[in-house]
Structure formats: structure tokens, C-alpha cells
Amino acid sequence: MDLGLSEIQKMLQESSRDYLLENCTMDYIRAMESDQIGISDEIWKNMADMGWLGLMIPEIYGGSGFNFDDMSILLEEMGKVALSGPFFSTSVIGAQTLLLSGDESQKKEFLPKIASGNLKFSLAFNEKTGSFEESEVSTTTSIKNDEGWTLNGEKYFVNDAVGADYFIVASASENNEGISLFLVPSKSDGIEIEKMEAIGGDKISKVNFQEIKLLDSQLLGKEGEAWKTLSKVFNYGAIGKTSEMSGAAQRVMDMTLNYIKDRKQFDRPIGSFQAVQHHAADMAILTKVSTQFSRKAAWEISNKDNSNINIHRAKSYVSKAFHDVCQISHQLHGAIGYTWDYDLQVFTRKMQHQKLAYGDTDFHQKKISNLLNLK
Amino acid sequence: MDLGLSEIQKMLQESSRDYLLENCTMDYIRAMESDQIGISDEIWKNMADMGWLGLMIPEIYGGSGFNFDDMSILLEEMGKVALSGPFFSTSVIGAQTLLLSGDESQKKEFLPKIASGNLKFSLAFNEKTGSFEESEVSTTTSIKNDEGWTLNGEKYFVNDAVGADYFIVASASENNEGISLFLVPSKSDGIEIEKMEAIGGDKISKVNFQEIKLLDSQLLGKEGEAWKTLSKVFNYGAIGKTSEMSGAAQRVMDMTLNYIKDRKQFDRPIGSFQAVQHHAADMAILTKVSTQFSRKAAWEISNKDNSNINIHRAKSYVSKAFHDVCQISHQLHGAIGYTWDYDLQVFTRKMQHQKLAYGDTDFHQKKISNLLNLK
Amino acid sequence: MKYKFNKEDELFRQELRSWIRNEIPGDFNTWQGIDEAGEDFEYSLEIRRKLAKKGWLTMAWPKEYGGQGASYMKQVIFNEEMSYHRMPGRDGFGAKMLGPTLMVHGSEEQQKTFLPPIANGEVQWCQGYSEPDSGSDLASLKLKVVDKGDHWLVNGTKVWTSMAHKASGIFFLGRTDTDAPKHKGISFFLANIKDSNIEVKPIINMAGRHHFNQVIFENVKLPKDALIGELNKGWYIAATLLDFERSGVEYPATARRNFEELVEFVKNKKNSLGIPLINDPYINKTLVDLDLEIEAAKLVAYEVAYLQSQGEVPSIEGSVAKILGTQLAQKVAKIGTDFSGLFGQISDSSAPFDGKYLNPQLDVTAYTIFAGTTEIQKNIIATRGLGLPREDKLKTRSK
Amino acid sequence: MKYKFNKEDELFRQELRSWIRNEIPGDFNTWQGIDEAGEDFEYSLEIRRKLAKKGWLTMAWPKEYGGQGASYMKQVIFNEEMSYHRMPGRDGFGAKMLGPTLMVHGSEEQQKTFLPPIANGEVQWCQGYSEPDSGSDLASLKLKVVDKGDHWLVNGTKVWTSMAHKASGIFFLGRTDTDAPKHKGISFFLANIKDSNIEVKPIINMAGRHHFNQVIFENVKLPKDALIGELNKGWYIAATLLDFERSGVEYPATARRNFEELVEFVKNKKNSLGIPLINDPYINKTLVDLDLEIEAAKLVAYEVAYLQSQGEVPSIEGSVAKILGTQLAQKVAKIGTDFSGLFGQISDSSAPFDGKYLNPQLDVTAYTIFAGTTEIQKNIIATRGLGLPREDKLKTRSK
């Protein structure tokens, strides 16, 4: 049992913290909320240079060869500065999807370009219902023909579509048993992207695929067998968001502690009032447990198996806990925390995406119920 | 809209408060916990003399002719002194069952004797599952024969069986459609009473009815139609317990306020600590709302209809609220409240019966869901 | 005991309800209300003038001031129906706060000047109480008002002033004696907010909306009759506004309408397996819990009004109603968002309810903060209501 | 980062588990544990002696005192398995508290006298800290110990002394300097509780059980070497017991066992319509929530032990573990009772689980009170852990 960070994790934590605090200031984060892509070219290039974009990509494909528990440390730091944008779509979701289901030539072609910052990916899975079950993919179809395939369908909740070079599109297979994944260049004719207004400034779109012609080489994995891959990718996604939230909770707590030590009412710091202290203690408990849940899940997904109960425990607990942390923080900040100019609310808005992405508390609780065989 | 008490209710409240505080002291209540019947002859006689036993019985049957909302005021006061025992079984449940389903001769025979304190009743409805649905009555049967009926079955959770002169027994009708009620003298051969250990000293028994011979005149209401009566009686029972709990919550709160004003730690009354004050405020909120819920339901069952959503709202809310009030009170009392010699715990133990009797929070929430047509 | 409105009140409810349903532009079932602090302000003033014509705007005012001396229970009905129907036009600052204050503390001249425009629904007032360093501890306010002989000179900053950007006048508390104990050096004033030395700076909230403002007074000169009531009695003037029903019935009434809408939604909306959400037992239980909280808040709101109608000053009930009502509003907003699934982050019209629970979820964050935080309300319940010792009044202290 | 015990620890867990399952009288699946403070005390001592023989009772003691210097993580495993299996025999007062105290503060003579019987599992100690007027404010304790030259004279009353009715010795805090600041006039003593001037009066709790006692000292004479460590340093001696793992892992381990039992129950028990309770979605969700709370408490308990293993003093983690663990115990008891339906008031064997969740529901009421209430723990988290200002250290105060 070693709940501490490895030397290499500590280095990653410190260097990423330094970089992010200096470069991803709240001004930058706010500016990116109205940016189409959500990241500046310079920072994207830096992320490539620092090895972050290919953090989990094996060295033979030009990556840094780290594990997901290392990634979780980086994501905690990103959560602390409220960084969103295409990093997650490309270097967590995209890279893992390719690693899990790409053939050797696909991996050789795409993974080095992810690591070097030359390609961005976006997964188009959800449809109008917005669930993370296989049944979600029902109206998007890929029909086999002589030259390859024809793809049709409308996708919702596509993260980081604008700026992506490739979509990874989940479609119902011809025979309707199982779903398939295709690599679709974003420049293809017949693709239309429409923005969905996300409260946290996250880049979320509706993407319409009309009569897209695909070659066999664009099929990722075997026909009809994509769910095996996707269910694993969603687990990475869930834990990734959990790591972001546990980092963000830490930041929100620090912000709150500073505020209540500083703010005076009735001639004393409000942090000296017992009711305020007990709220702060509740925040500390939620934050402490969140970190442990998220790190344990990250470790297990890296070192044990992709599909285990602790992933669902982590996402369900932390989604709720971080929501509660934000609520308590607002209550302790009073009116100021609720103004646009104050940084706290940026975290609160982005939390709404983080807690929903890759399954909310309710979704993961139902998984727990199944895994505990509560039936 | 008049949320105050009527003059007559105020008189009933004051006189019953005076009587109960003087006669049903905590010493008496504790003594009654180990008494078989749970009430002294003297107090039973006084209750008759004061008109309480026949409070809801019309004057033509020798009662006081009050309404159920008046009864609820008396029950609040009984709740305040943690009085349990056969009053509820006889004068709420027994009297209402007879009023709702007895024929004229049965009413004439039994109701005056309830009012005068000469007869005690006990309803034997539950079986081993312990639900308050019609389906609960499944193993107790009444078979028609030439001379009348033969009753067989084992009843659980029979309140105040010992000391009762009559059981009102719910049995599955011969043809198994619907259930029937019978008046069974407790002296009949074939009745066996076995005590169930109730945590609050409430008198709860298993009662076995073996080959009990009954005459047609012992049938209460029509064969197979008892559920209509019982579902109404259970509503009275639910609100009655709600009234007791809302009175008891008031008492527990007062007890707690006295304690935290008096008890000093760190050289100050613990009631001056903000965390303690906020717990006390939470208690006050729960108690305030409980009183409103229970009185409104009592008024509506008296003045509108027997079966309406506010009955279920009241029982589900107050069962949970009073539980919470007891928990908060224990937390504020510290160790002392948890000792046998301290009065608080008497209320906590009896609460466990009150919140379960005639349906717990879950049961009544499901009724609310149905009545709101949430399906 | 009678848990039922009397016939006359019920008739009033029916009349009001028909009038509202007639006034609502378009279909009641799809009517979502308007943003009175935003572009729809003029429309809300229009309704306000209609309410004035019906006599409802100031129905609680005494007859000698042109009101109807309406009972507290009738006011409850008015607020309940208006809230339930998402109807704009009420006038919290003018008709409910400033008007009654002037009746008690204003000079005849002040009454003549300021009451009729309020009664006619012609003006918008706003309230300058909080300051950047004076929130929960309002009595520490610093905005300085100096007697310059023939005028008052005002310097300082008010904050969280809602409607200031729409208002023509502001009533505010200023410090007129810096040496007196803090509650005893405060006076109550009126000012024309369009004064060139008053700057109204918008505060945008986390939902991106403009409800609040900073109001900066820089060498503002006010005539001597801008003072209401006695000098240095402002704290008590502001604190004793009890002429109107303030039960907080708006919260449960609004919540009940939202509840009905949420139920409709989950009956019609299906999950990915084609099963209506209402059959999801967690959702079902969430709604039942919500129903109970709505009723709880309503019962206490009625009790507040009932106590007022009996000439009693509600002790803990007002604070209880505020706590329950504001928590309820937050809960409704959260449930609406939760029920929206992945759309719970989308604020455009592709989301259920046009995303309308999402921004409120951000808006209502402030409910448990403004007008006395939940914590302050609990302090009040504990000390004023339950008689527990006030911490700052303790004599002996530990080492 | 490694969220897994090492091989050696896992082997120890296997060995311990087999031993326990072998020791349990009858079937593990139906074994409900015993009341160590009651009639089964002798049986628990028997197990304790066996644990001593296996070397496990004092495995955390340093080797020079006959222990194994076992790691904190190994101790976690020990406590986890013992709790999960409802196994009696551990010795909180002797092996875990007094022993390590004597090793640091006792004289050689005291160590020689008192350590071996503890190590051999032969004695029961109890702890005299709380007094009737000194609960959360323990440092205000008043039991008076006067130096009479050749002996100490003790007068006063201790309360909530668990196991005093079974113990042979008591270690306690007494006031030896009434003039010093309250923390600085306290000393640490041992006494033979069978002393004829010590009266042990049972305190029966609301579940009708006898765990606690009042211990009344009336002119008790103690030899001079009853003092442990320096005079007037007792507060610090009592406060610095950190030699043993105190992660609170017992709570989640016990809860996990109960969880499994509850799941079995609701799978088999049917409602009146013949449907197993597990299919009731409220019950299902209750269990999932409980699972999360158990894991949360376990994660923090592991973290406490891990920090100790790194030579760090856990800051907030100890308090967090205590808060989560005790709330968990209360929740489990309540759920067990709730699942029992109408039997949730019946304590005889006709009730599910033989009514065993019902009395614990009363017993565990005290968990969030004893050894630092939840409120005190939150104060500690806020002030020591998060650095918020202590109220009693504030310099400026409002008027």
C-alpha cells in the first residue's frame, strides 16, 4: 500500500502545476470560454513539447509511455485551473480509443501525430437521449457497399468537434447487432457542426453526418464490436473527469479558506464562526474522500483491470461531492462568489459538465448495484 | 383559514395537559413499560370520567361527540408525556372501526361501554409480513358453516391484546375476495397471546386464533367488504400517531433547550455555541412543520374526507422529522441523554413504534406517488 | 382550527386567476414568465399599472392611503397566484417596502409626493442597504451622509442593489453619526438615482444575467427633506416594516408550478430503453420528496400570514419560511437540471424546458445568501426564537 | 501510488482469517459476535490470551518490549479482519493505550510490573478521563489528587468509564495543581479499581445494556509510584498516544460485514406481494449509498494508517475517519431496522436478524458523542487542519 505519489508522479505534478498556474491563468481560461476551439496554439504546442499530449501513448508510437494513474495526476492539476478544451478529447479519449481498437497501421499513423500535437480527435458517440449505453447508438448507421461504407446520422454532445481533425464516429452496424467505429476526417463533405450552448464554456456540438463515404481502412476495430472498446474508453473518461473534479475541489476549497480567513463581518474573520468552520470541515471531508476515490480508481484502471466497481464508485461519489463542495463554497462566499467577475463561479459552471460527462451519479450507482449483484 | 385552536380545543388542550403532567409522570410512564396492560385502572377510569375514552363517539352512543381534529389535540398532549397503552387501540382504532362498520345494535351495545371505560378493544389485522395493505390478510380465514363461522389464523403486531375484552379480527373471506371483520371476545377458547418484545414498552403481541366459533352477529360490516373500513381506520391511526409525534417532538425540543441552556462546557452554556444553536434551529424547523402537517391532516380527515393526500404527507413527513428530532436531541445532550435514567431516551424508544405504526415514511410516500398520479 | 380559505377569499382567488390567465400573452401552459430586471422591464411596468387599476397593487395599504386594507390571507392568495402563474408586475420595493415606511415615518409632504406614483404603478424604486464590507453585518455600514446645513452630502458605495439600473429612485441607509454605537448612527434617505453624481455599475451574475448593481455616491447633494423620519433612527425604521404580508409563500407557489411542469416532462420523456422517466423509481421518489418540501414551505408561509392576521409578530416562523423557501427554490432548479441528463449543461433551446432550469440553478445560488443567509436565519431562530444565549453577550469566557 | 497491500501483508491476512474462522464457535455465517462488556467477558479474555500467544495482541509493540514492531498497514489488516469477523479479544485500553504510554513515560519498575500482564492478555484496564461536568471540555476535569507525602489522596468522580465493572485496573487523569492553567495541572495515574474506597456504579444505557460506569473515588490512597511520568504533565501524556494504528478501520470493516448480511436478507425476504425487497428500488439505492459510505470511510482509514506508516502525524484525517466511521455505524443500524418493517420495533428473536439492528441503533447513538463529538471533530478539522481562527483566540470582539 503506497498512497503517496511516485517520484515521477511528483515531478509531473510539480512541473504541470508550475506550468498551468503560470500559463492557464483565470484570464486565459475565461478567454477560452468564448474561443471556438478552447485552447491556444501556443499552449497546445507546449503540451506536445512537455509530452502531455502523448502521455499515455507508448514510446514506440512517439508518446511518453506513462500510465493512466500518472495521467490522473496531470488531470488533477488541469482541474485545479479549470482547464477544459481538446486535451481530454484527443489525449485521453482519442488516444485510448486508438490504442484499444486501432490496428497496427492506424496506430502508427495517428498516435505519433497526437503526441506531436498535429492531430486532434473528437469522439461522436451520443445521440439525442444522451446515455452512455450501447443502445444510445440507434439512428446513426453505416451501410456497407462495394467501395466501402456510407455513414449517416446526427450526433449530439460531441466534445471538441470544432478544430478536430478526425471524428471517431460510433454507428449502428448494418445487421444492427453491435456498433462500429469509423475514423472520419473532419474535412469530409457532408459534415455539419452546430454549437450547443454549454454553461461552462465547454465545446459541445451537434454534428450531422450525411452520406459520408468511407473506406474499409477507416473502420476502427472490428465491425459490430466497438462497444467493448467504448465501454473501456468511457471508464477512462469517467475517471479522467473524476480526477479533474478532485483537483478542482481542492482549488475551490483553498479559494474558500482564503476568503473566509480574510473576509470580516462583526469585526472578526467569518472563518472564526463555528457554523462557517463546520461548513469548511464538510468541504474538507468531501475533498479528502474525493481525492482518495479518484486516485484509487485511476490506479486500479492502470494496474488491475479496466472494468471494476471502484471506477463507478469514484465517478458517482466525486460527481456529487464536487457539486456539494461548490454549493458550500458559494454559501460561504456570499454574494461575491456568485458574480461573473469572481473566479469561483467558473468552477461551478464547468462542474456541471464534469459531473455529467461519461455518466452522472445515478448512472454509475446503477452500475454499482449491478456489480454488487443487488438483484 | 384559522390555524388557531377553537375555544373548546383550547380547553381540551389545557385540561388534558394539566391532568397528564400531574398524573402521567415519567415515573408512571416508566412503570407502565413493564406493566402488562400499560395503563393503571385509576387513570383509565379518569379518562372515562373526563370524556376522553368516548371523545369521538357521538352523544347518542354515550360519547362526547367531538371530532378527530379535537382528538388530535388530546393526542398531542399524550405524545408530550410519552403515554402509550390501550387508549389508542380502544378509543381511536376500536371506536372508529365500530362507528364505520358496526350495525346499529353493535354500536348501541359497544360504544357506550367504550366511553364508560368498561370495554377495551384490540384490532388484530397484521400477519407476519407487517404491511398495511389488504393483501396482508392471507393466512387468517373465516369459514362459514351452519351455526356461523370458524376462525383460524395467527396475527402479529396486535396492539394492546392483553387486557382487551374484544379483538376485532380481520380474516380472509371464504371465497377469498376481500376480507371480513369479526368481533371476538378475548375470553374465547382457542386464543393464545404471546408477547412480542417492543423496544418502547408498547404492548405488542402475537395472537393465535384456533378454531374460534363465531355467530353471524359477530360479523362487523358486510362479508368481504372490510377493507373499505380498515383503510379509513388506518388513516385515523396514521394521523393519530402523527399527532402524538408532533406533541412529543415539542417536548423533546423543550427538554433539549433546557439542557443546552443549563449545561456548561468551556465556561459557557453549550447553547451559546453556534453549531449547537444551528442544530437547535433545525429541530425547531422540523417541529414547527410537523405540527402544521399533523393539524392540517387532522382537520381535513374531520372536515373534508377520510382519504386524501395530506394524511400521507403528514405521516411520512412527521415520522421522519420526529426521528430526526430525537437524533439531534441525543447529539446535543451528549452521553447523558443516552442513559436509561434520563427521560429523553423514553421518547426515542417509543418513537420507533410511532413512526412504524399505520405505515412508515416509505409506505406513505408510495401513497403520495399514487395520489399525485406519478406514473 | 380551519385549514381552508373562506368563501370571499376563494372568490378573490378565482377572479384573480381568470384575470391573470387572460393577461398572459399566449398559452398559459407554455408561459415561462419574463425577466423583469432585463428587457421585459417595460412590460412588467405595464402589468403593474394594470394591477394598480384593479386596486391589487396596493390592496394591503390602509384605505386612507388609497388601499383596501386587505387581510393578510388575501395577500397570501395574491402572492401565491401571481407566483404560481409566473406573472410579473408586483412592486416589492415601492408598494411593499417604501410605501408603508412613508405612511409611518414620512412627513405629509413626503407622503403626498411619493405615495401616489407608487400606488399608480408608475415608478420603480430600489433599496440601498448592503455595502461591500457590510453584508451579514449590515449595521456596520459606512456610506457617509454629512449635514451641510442646507443639504446632505453623501459619499460611499452600495452593492447588490437589484433593479438599480431600472429604477428612478433609491431609498437607502447612510451613516449620520460615526461616534454612536453602530445601530444608532444610521438614517434613512431617499434619492433620485439619476443624479449625475450617482453611478450605477452593473454586476453580472454567474448565469450571465444583470440583476444586481453597485451604486456609487460621489459627493451627492440631497435636499434636507430627503431624510425620512428621525435622524439616526434609520436602522429601526428599516427594521420595522411589518405592514405587508411577508410569508414567503412565493417560494412554494413557484415550486408547485415547476413541480407540475417537471411531472409532465418525466411522464413524456423516455430513456434510451423507451421507458418514461417517471417510472425510474429514483425520479419518482425525488418528486415525492419535493412535494413534501413544497407543502412544508407552504404550511409555514400560511402560518406566518395567519400570525400576522392575528396581530402577532411571527417569532421563528419568518426565518423558517425563508430557510425552507430558498432551499426549495434551489432544489427545484437542481432537480430540473438533473432530470435533463446530459442536457443538464446545455442552456440553449435544444435542452428540455429550453434549458430554463439551468440558469436558475445558477441564479438561485444566491437565494440562501441574500436578505439574511440561512446561517443568519438560524442564528435568529436560536437566539430570538428559542432564547438561546447570544454568543456576543456572554460574560465569562474561557482562557 | 499503489492501492494494494503487499504480499507479506496479504499472507498475514490469510493466516489471521483462517485462524479466526477456526476459532469462531459454530458457523461463521451465523456468528453474531458477543457482548464483551457483559456475560461473555470471560470468553473474550480467553480469546485475548490466545491472541497473545499468537503474538498478535501486542504485535505493534517494539521488539524490546516483546512485540513485533508490526507495520501500521499490518495493524490495519488485523483490526479490519477482527472487526469484519466480529471477533472479540482485542485490548484497546491495555495493549493499545496504557502499554505504549508506559513504554514512553513509565519507570523501569512500572514497566516490569504492568507490561507483562498486558502482553499476556491477562488483564482488563479501563480509562478514567470524563467527569460529570467535563465532557467535550475534558481539560476542565476536577477529580482531585493531593500529595500527602507518602501517598496520594484521590477524591472525585469519573463517568462513562466503559469496562470498569470488568476491569482490575484504571488509568486516569487527576488534577494535581488547582492554580495552574487548566491543561497544566493534570497528572496521569494508575489505580487498582478493586480498592475498597473506589465505587463502580453501573450506568445502563437506553438499550438496557451495561457498558458504562460511574467510578467514584472517596479518599482513595495510592502509593507514590501510581504516578506515571512527570507531575502535571498528564494532559500531554494522555494526548500523545500515537504508537498504535488508530485509523478507525473498525467502522467500515464492521459495516461491510453488516452490508453483506443486509443484502442477503433483502434478497430472501419478500414483501406482501411476494417480491423480494432487493427489487424495491429505494432499498436498492439505500444499499448503493451505503456501499459508497463504507468505501469512503475505509479509504480515509487506510490513509490515516498510511500517513502514520510514513512517520507523519495525520492532520485532519483522524477526525475525518472518526466522523465518517461513526456516522456509518449509525446509518447501518438504522438501515437494518428500517429494512425490518414493522419488526423494526421488536427486539426479540421473531424479528429479522434476531432484532440485532435495533438495540445497536440505540447503542450507536453514542458513537458520534464519545471520544470527541462530531462537532468537536469538525472544530479540530477547521482550526488545526484548515488553519481557521479559533474563536476563543480572537482578539477583537464586537460590542
Side-chain angles (χ1 to χ4, degrees), chain A residues 126-136 138 156-157 194-200 202 204 206 263-267 270 273-276 279 323 326-327 330-342 344-346 348-357 360-363 365-366, chain C residues 130 132-140 159-160 182 202-210 212 214 269-274 280 282-283 286 330 334 337-338 340-351 355 358-359 361-366 368-370 373-376 378-379 391-392:
Chain A
N126 282 114
E127 299 184 3
K128 207 173 176 174
T129 310
S131 102
F132 287 94
E133 302 285 4
E134 187 174 8
S135 58
E136 172 78 354
S138 58
Y156 281 70
F157 305 106
E194 186 187 337
K195 184 181 184 188
M196 297 175 82
E197 284 293 340
I199 201 173
D202 303 278
I204 300 178
K206 247 185 275 187
R263 168 81 174 172
K264 283 189 176 150
Q265 288 285 277
F266 304 101
D267 300 322
I270 61 172
F273 285 98
Q274 203 184 20
V276 171
H279 281 313
H323 178 101
C326 290
Q327 288 303 112
H330 277 289
Q331 192 63 25
L332 295 187
H333 270 88
I336 188 80
Y338 155 89
T339 58
W340 190 262
D341 290 343
Y342 198 85
L344 169 60
Q345 57 85 19
V346 177
T348 309
R349 287 186 291 109
K350 287 183 186 291
M351 171 267 290
Q352 197 67 22
H353 172 68
Q354 293 164 325
K355 73 175 191 174
L356 295 174
D360 60 10
T361 292
D362 186 33
F363 174 87
Q365 285 208 338
K366 283 171 181 159
Chain C
S130 293
D133 291 326
S134 301
S136 288
D137 182 16
L138 182 61
S140 68
V159 76
W160 319 123
K182 59 185 187 178
I203 298 174
I204 307 301
N205 76 13
M206 65 195 280
R209 296 201 194 181
H210 177 195
F212 295 109
Q214 235 182 353
K269 167 89 177 162
K270 297 190 170 81
N271 70 14
S272 62
L273 303 170
D280 180 321
Y282 300 178
I283 286 180
T286 299
Q330 291 181 345
K334 179 170 185 302
T337 307
D338 285 352
S340 305
L342 263 189
F343 280 104
Q345 58 190 319
I346 303 299
S347 61
D348 64 37
S349 61
S350 69
L358 190 57
N359 281 319
Q361 187 183 333
L362 303 182
D363 272 346
V364 297
T365 301
T368 51
I369 292 167
F370 284 107
T373 66
T374 296
E375 289 69 29
I376 295 287
K378 288 189 180 178
N379 289 351
E391 198 179 43
D392 57 0

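Each chain gets a letter, A, B and so on, in the order its sequence line appears, and its residues count up from 1.
- Electrostatic pairing of Asp280(C) and Lys269(C) does not count as a salt bridge here, judged by no charged N lying under 4.0 Å from a carboxylate O.
- Both the backbone and the side chain of Asp133(C) come within contact range of chain A, judged by heavy atoms closer than 4.5 Å.
- Counting heavy-atom pairs under 4.5 Å between each of Ala207(C), Ala139(C), Ala366(C), Pro132(C) and chain A puts Ala366(C) at the top.
- His279(A) and Glu375(C) are linked by a side-chain donor-acceptor pair at a separation below 3.5 angstrom, with hydrogens and angles left out of the test.
- Between the side chain of Asp348(C) and the backbone N or O of Glu197(A), at least one donor-acceptor pair lies under 3.5 Å.
- For a residue to count as touching a neighbouring chain, one of its non-hydrogen atoms must lie under 4.5 Å from one of that chain's; by this rule Ser134(C) touches chain A with the backbone only.
- Looking only at heavy-atom pairs under 4.5 Å with chain C, the residue among Ala275(A), Gly130(A), Cys326(A) that has the most is Gly130(A).
- When each of Ile270(A), Asp360(A), Asp341(A), Ile336(A) is checked for heavy-atom pairs under 4.5 Å with chain C, Ile336(A) comes out on top.
- Proximity to chain A (any heavy atom under 4.5 Å) is restricted, for Ile203(C), to the side chain, taken from C-beta onward.
- When each of Glu127(A), Glu136(A), Arg349(A) is checked for heavy-atom pairs under 4.5 Å with chain C, Arg349(A) comes out on top.
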(request) Begin with the C-alpha distance, continue with both residues' side-chain angles, and end with the deciding distance and a verdict on side-chain contact (heavy atoms from CB on, under 4.5 Å) for Tyr282(C) and Asp362(A). (result) CA-CA 9 Å; Tyr282(C) 300 178; Asp362(A) 186 33; 2.8 Å; yes
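- Contacts between Lys378(C) and chain A at a heavy-atom distance below 4.5 Å are absent for every atom of the residue.
- Judged by a 6.0 Å distance limit and a 45° cone about the ring axis, Lys206(A) is not positioned over the six-membered ring of Phe157(A).
- Looking at Phe363(A), neither its backbone nor its side chain comes within 4.5 Å of chain C, counting heavy atoms on both sides.
- When atom types are taken as modelled, the side chain of Asn126(A) and the backbone of Ser131(A) share a donor-acceptor pair closer than 3.5 angstrom.
- Counting heavy-atom pairs under 4.5 Å between each of His323(A), Gln327(A), His333(A) and chain C puts His323(A) at the top.
- Formation of a donor-acceptor pair under 3.5 Å by the Asp137(C) side chain with backbone atoms of Gln265(A) is not found in this model.
- Neither the backbone nor the side chain of Lys350(A) has a heavy atom closer than 4.5 Å to any heavy atom of chain C.
- Contact of Lys355(A) with chain C is made through the side chain alone, with heavy-atom distances under 4.5 Å.
- Between chain C and the residues Glu133(A), Gln365(A), Gln345(A), the most heavy-atom pairs under 4.5 angstrom are made by Gln345(A).
- Using a 4.5 Å cut-off between heavy atoms, Tyr342(A) does not touch chain C at all.
- Aromatic rings from Phe212(C) and Phe370(C) are positioned such that their centres are separated by under 6.0 Å.
- Inspection of the Thr368(C) and Gln331(A) side chains reveals an N or O donor paired with an N or O acceptor under 3.5 Å.
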